Amino acid sequence: MNASPSRLERPVLRCASDPAWLPQALARFDQVLVDHAHCEKKAAGQAISLLAGFPEKELLVQRMARLAQEEIGHFRQVYDRMLARGLSLGRDRGDPYARRLRKLVRHERDDTRLTDLLLVSALIEARSHERLQLLSEGLSDPDLAQFYAGLAQAEHGHALLFVELAATYAPEDEVVARLEVMGEAEAEIVRALPLEPRIH
Ligand SMILES: [Fe+2]
Ligand SMILES: [Fe+2]
C-alpha cells in the first residue's frame, strides 16, 4: 500500500444517522436482522464481483477473496441467529441506498470506475459500521450487543481496506478528493431516504 494512513483513515461519513433510526430498529429488530443478513450476502457478492471485474489486480483479488469469505461468514452467523428466532430469509427487497450510491460511479474509464466502485463499498461499509455500532449500544441482550460490537468493528476495518485499495490503484490526492464528493453525496442519500428498520 502506498497510502499514508493519516490522510486515509479519516472518518468517511459526512452525517450521522437520524437519532430516530435506533429506536425504530430496536422496536422492529427482527426486520433489521433479516435485512442485515441480506446485506452480508450482498457484501460477499460485491467482493466476488470486484475480483471478477479486475482479475489483473493481484492485491485486489487477494483482498476481495478474503473479504468474500469473511462476509459470507458474517452472513452465516446472522442467518443462524435468524433461524434461532424462527425467521426466514425471504426475498431480497432490494437496496435503494446502495442503488443510489452506485449511480455515482463514473463508467467512462476503467481506473476511475475502479476508484468509484471501491469508494462506494467504503461508504457502505462505513455506514454499516455506524449502524451496527448503534445497535450494539442499544440492544439490551448482552450476547446480541456483543455480537453487533464485533461485527461493527469488522465493517470499520472493511471501510479502511476499501479506501486503502483505492489509494493503491489511484493517486492518493484523487482518492481523498473523490471521497469528499462521494461522502457528501452519501450523506444526502441517507437524509433523503425514509427511516426504515433496516441497516441502510
Ligand atoms: Fe460484514
Ligand atoms: Fe463488510
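Predicted model only: the values in this text are computed from it and were never measured. Atoms within each ligand, like the ligands themselves, are counted from 1 in listed order.
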**OP:** Determine, for Arg14 against Glu180, whether the closest basic-nitrogen to carboxylate-oxygen distance falls under 4.0 angstrom.
**Re:** yes

Original post:
Are Glu70 and His158 close enough that a side-chain donor and a side-chain acceptor fall under 3.5 Å?
Top reply: yes

**OP:** Among residues two or more places apart or on two chains, list those pairs meeting salt bridge (charged side-chain N to carboxylate O under 4.0 Å, His left out) that have a residue in residues 135-157.
**Re:** Arg81-Asp143

I'd like a table of donor-acceptor pairs (distance under 3.5 Å, sequence neighbours excluded) in which one partner is a side-chain atom from residues 45-62, with atom names and distances.
none

Original post:
Can you check whether Leu135 reaches Trp21 side chain to side chain, under 4.5 Å on heavy atoms?
Top reply: yes

Subject >> Nearby protein N/O/S atoms (those under 2.8 Å) for the Fe ion (ligand 1), with water ignored >> reply: Glu40 OE1, Glu71 OE1, His74 ND1, Glu155 OE2

Subject >> Qualifying salt bridge (charged side-chain N to carboxylate O under 4.0 Å, His left out) pairs with a residue from residues 113-130, counting only residues at least two apart or across chains >> reply: Arg106-Asp116, Asp110-Arg113, Asp116-Arg178, Arg127-Glu130, Arg127-Glu186

